[in-house]
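As structure tokens, the structure follows; a few thoughts come after it.
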Protein chains: 2
Amino acid sequence: MVTLYDVARQAGVSIATVSRVLHGQEPVRETTRARVRAAIEELGYVPDGAAQSLARNRKDVIGLVCVEHTGLKPNQYDIESMSLLFYDEVMRGVEARIRELSWSLLITFLREDENSGTTLAADGPVQSRLHILSGKVDGLLIGEGVVPSSVITQLAKRVPLVVLAGDMAQRGVDVVAADNWSGAHALVEHLVTGHGRRRLFHVDGPSTAPDAASRRLAMRAVIDAHPGTVLTGSFCGRFTVHSGQEAAERLLAETRAAGRPLPDAIVCANDQMAIGMVRTLTGRGIRIPEEVAVVGFDDIFPASLTEPPLTTVHQPMRKIGERGCDRLIERITNPSLRPRVELLPAELVLRSSCGCPPGTVTRRQVTRAMTNDKITER
Amino acid sequence: MVTLYDVARQAGVSIATVSRVLHGQEPVRETTRARVRAAIEELGYVPDGAAQSLARNRKDVIGLVCVEHTGLKPNQYDIESMSLLFYDEVMRGVEARIRELSWSLLITFLREDENSGTTLAADGPVQSRLHILSGKVDGLLIGEGVVPSSVITQLAKRVPLVVLAGDMAQRGVDVVAADNWSGAHALVEHLVTGHGRRRLFHVDGPSTAPDAASRRLAMRAVIDAHPGTVLTGSFCGRFTVHSGQEAAERLLAETRAAGRPLPDAIVCANDQMAIGMVRTLTGRGIRIPEEVAVVGFDDIFPASLTEPPLTTVHQPMRKIGERGCDRLIERITNPSLRPRVELLPAELVLRSSCGCPPGTVTRRQVTRAMTNDKITER
DNA sequence: GTCCTAAATGTAAGCGTTTACAAGCTCTGA
DNA sequence: TCAGAGCTTGTAAACGCTTACATTTAGGAC
């Protein structure tokens, strides 16, 4: 390994001078500078990042902890695995910011199942990996969903940290997330006031999923605000295409058995389930949106390819990465900042599964005016 | 910041003892161990990664340099941006290996256009970023395509390095890539011997793209091996859907003008162009594969969604990440290893755009027997 | 109690940088 | 010619950890 000393010897100067040349600091004679440059070039010197970090007391590295969805066939892209793209977008947002600073980005994937069973263990594999990681970075960006919030709160005491996405208000920790509530609210509002749908069916996510919760609340809010609007029923799915299909089967069976008509609209907690719903319904000859509207959430890529194309809500993942990174850097710079929750506007994407005319593609940012406290109280 | 000294003071022991407890080393009395553990917990001590790296003389970090495709609309998934997925798969492969070792992964994206103009500058922005990066890692995984090979060769002298994907034989540098040639060869061979197609048209990639080159050579090889088989023409596209549509327009115009029949099969250098081709052709009422077969390359997600579904070649990106990582670790461990080129089998994916019956989905790994030298000589 | 051995713990020298401070130059102006 | 100012350059002390080696301690055997 070539060190500063080697370069200094080769150039006939002291290590301080080499360091100065390396960082373009001023008081170095032009001839000396040239000599040092030549030595660096000749020896192929690369400054050791660890030593620099130690001396400068900062690493110029931030860590991003992503959620890795499990149960996917490797090497094969399908509709389920499209959700993978979320964190890839976040990552690109973060990287774009990081790059401007000449910092670096450390990535870790945490598998959804990795923490099951060890949630409460103070020293599970997840904790251990996060611990090692936090020693290598100046700050951490953590995707919500895998790490229990108690662990996050604990971790935040030791290292600057920002929680990304998700929907839970982490008390005392910075959060940057999409405004899921407003997205879902605008979506359902559109069905009700835009297309006169009154009898709604809900395909919900798992009760444990925090994002599903706020979507559910938003739907409730719209229904309550419009007399005459009712929730005719709901199904609790697992966010998969298959769940959506199950939901459809169940819905059809139940309405027929009871001799009731179909609902006017079906609101699904994510696009995968909406796609499953659309497939099964159209397979049974039911016309969408004429007989029933179907909407999803997330705007994954295949949502634009269904027949009819799916009306949904796009999540600003890249922006979440960017803003999360900005926030983290603020916090690193000024650790005494009061933690805040920042919600980014979601984007309502109107295609035609909601009843809008075929060929429609309208995008509209939606969010609500609010203060921190309103949000954290939610 | 809490250091070893703080913990040592709190526990009433020396820093050496704390360090031993930290790493579970043997000769420490149980009572002492407990005392130290308590102090660590109480103070919320996190070992400083930089200091550890410096003292241990290894960083337990490897860097991955990805190619970032440009000109994409942010926050919007479309067929073009599906190519983004390549590096995301590679990344997951690398991370899976890294994780087993408790190492970390540093990510950098290099934009395709970032290097244009400065290719030969010894100190362009790309070089500078790679330089900083290489000081922070034990080794580097570089996706081929952005960094000029002269820069790579240079870099490889200073830091353990493995080149991923691409197709170029980097002399004197480790390479792990997909066997594009065999994939393309099997694909064209299938058209010719499996479906009796004789008159082939080629939608090529940019002449500068190294992967396009080997696909072109493979096609040539099949044609030469089968008397009676001819290349009726070719079009040089830019790997986009739009290029594929242009190619289709041009092909139709020329064959009609010359009063010639359509070719039997159209071989596209990637899926995006094949999709553009399929769209335009079916739009003009031409039946695929009855009138003409169309095949692509890469097996991006939308390839399975066209009508008819596209026959193509899947690239084992995740495997490339895994094997590249293994190779890099070998090289870090033993820097005197002779550099090798390793080609991973590609996977022929038969759907129905080639003439196979509707509903077909057959996957077959393809590669050729070979030695290093044969490959590097190619 | 003494002595020996082995186990437990402590001391201090790095690791490769940065940077405050000291020291050495080269001028300029008297 | 020399003092002093202003550039350059060098010296050495951190930074927080690991680890070889030195030292202390505990536990037996006599």
Side-chain angles (χ1 to χ4, degrees), chain A residues 1-37 39-40 43-61 102 104 131-138 158-159, chain B residues 1-37 39-40 43-61 102 104 131-138 158-159:
Chain A
M1 176 178 207
V2 181
T3 72
L4 260 193
Y5 286 92
D6 300 318
V7 176
R9 188 168 340 105
Q10 172 94 5
V13 298
S14 76
I15 58 166
T17 300
V18 178
S19 178
R20 282 189 276 257
V21 170
L22 231 36
H23 301 96
Q25 278 158 5
E26 248 324 294
V28 178
R29 195 171 306 166
E30 200 46 56
T31 57
T32 314
R33 188 183 299 277
R35 213 144 27 96
V36 172
R37 286 251 170 79
I40 289 174
L43 297 176
Y45 168 70
V46 178
D48 183 86
Q52 291 185 313
S53 302
L54 188 56
R56 299 207 264 236
N57 194 30
R58 59 200 176 88
K59 310 188 170 54
D60 293 359
V61 176
S102 294
S104 304
H131 202 250
I132 292 177
L133 191 64
S134 53
K136 291 178 174 176
V137 301
D138 293 320
R158 328 197 157 177
V159 58
Chain B
M1 176 180 210
V2 182
T3 73
L4 259 195
Y5 287 91
D6 301 319
V7 176
R9 190 170 335 109
Q10 171 95 4
V13 298
S14 75
I15 58 166
T17 301
V18 178
S19 178
R20 281 189 278 258
V21 170
L22 230 36
H23 300 96
Q25 278 159 4
E26 249 323 294
V28 177
R29 195 173 306 167
E30 202 45 59
T31 58
T32 314
R33 187 183 300 276
R35 213 146 26 96
V36 171
R37 284 251 172 79
I40 289 175
L43 298 175
Y45 169 68
V46 179
D48 183 87
Q52 290 186 314
S53 303
L54 189 55
R56 300 207 263 237
N57 194 31
R58 61 201 175 86
K59 309 187 172 54
D60 293 359
V61 174
S102 295
S104 304
H131 203 251
I132 292 177
L133 190 64
S134 52
K136 293 177 173 174
V137 301
D138 292 321
R158 328 196 159 178
V159 58

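Here is how names work: the chains are called A, B, and so on, in the same order as the sequence lines, proteins then strands, and each is numbered from 1. Only heavy atoms go into these numbers, but all of them, side chains included; no hydrogens, no water, no symmetry mates. All values reported here derive from a predicted model rather than from experimental measurement.
Between the CG atom of A:L4 and the P atom of D:dA12 there is a distance of 17 Å, given to the nearest Å. When rounded to the nearest whole Å, the span between CZ of A:R33 and C1' of D:dT9 equals 13 Å. Atom-to-atom, OH of A:Y5 to P of D:dT11 comes out at 10 Å; the value is rounded to the nearest Å. Whole-Å rounding puts the A:I15 CD1 to D:dG10 P distance at 11 Å. D:dG6 atom P lies 17 Å from atom CZ of A:R29, rounded to whole Å. Per the geometry, CD belonging to B:E30 stands 17 Å off C1' belonging to D:dA26, to the nearest Å.
Taking 4.0 Å as the cutoff to heavy atoms of chain B, we find the contact window on DNA chain C bounded by C:dA8 to C:dG16.
Atom OG1 of residue A:T17 and atom CZ of residue A:R29 lie 10.5 Å apart, to the nearest 0.5 angstrom. For the atom pair CD (A:Q52) and NE2 (A:H23), the distance works out to 5.0 Å, reported to the nearest 0.5 Å. The CG atom of A:L43 lies 10.5 Å from the OH atom of A:Y45; values are rounded to the nearest 0.5 Å.
Closest non-hydrogen pair, A:D48 versus B:K59, comes out as OD1-NZ, 2.9 Å. Summarising the geometry of A:A50 relative to B:L54, their closest heavy-atom pair is CB-N, 4.0 Å, with the distance given to 0.1 Å. Heavy-atom minimum distance, A:D138 versus A:V159: O-CG2, 4.4 Å. Taking all atoms of both residues into account, the shortest heavy-atom contact from A:M1 to A:D6 is O-OD2, 3.6 Å. Heavy atoms only, all atoms of each residue included: B:V18 and B:L4 are closest at CG1-CD2, 3.2 Å. The minimum heavy-atom distance between B:T32 and B:V13, with the atom names listed, is CG2-CG1, 3.8 Å.
The residue A:S19 sits close to a base: some heavy atom pair falls under 4.0 Å.
Remark on the helix from C:dG1-D:dC30 to C:dA30-D:dT1: inter-end axis angle 50°, axes from five-pair C1' superpositions, rounded to 10°.
At least one donor-acceptor pair closer than 3.5 Å links the side chain of A:S53 to the backbone N or O of A:G49. In this structure, B:K136 contributes its side chain and A:D60 its backbone to a donor-acceptor pair below 3.5 Å.
Residue B:V13 is the one, among B:V13 and A:T17, whose nearest nucleotide of DNA chain C lies closer to the 5' end (criterion: closest heavy atom). Comparing B:V46 and B:R20, the nucleotide of DNA chain D nearest to each residue sits closer to the 5' end for B:V46. Take the nearest nucleotide of DNA chain C for A:P47 and for B:R35: the residue whose nucleotide is more 5' is B:R35.
Using a 4.0 Å cut-off, some side-chain N or O of A:S14 falls inside it from OP1 or OP2 of D:dG10.
Less than 4.0 Å separates DNA chain C from at least one heavy atom of each of the following residues of residues 51-60 of chain B: B:L54, B:A55.
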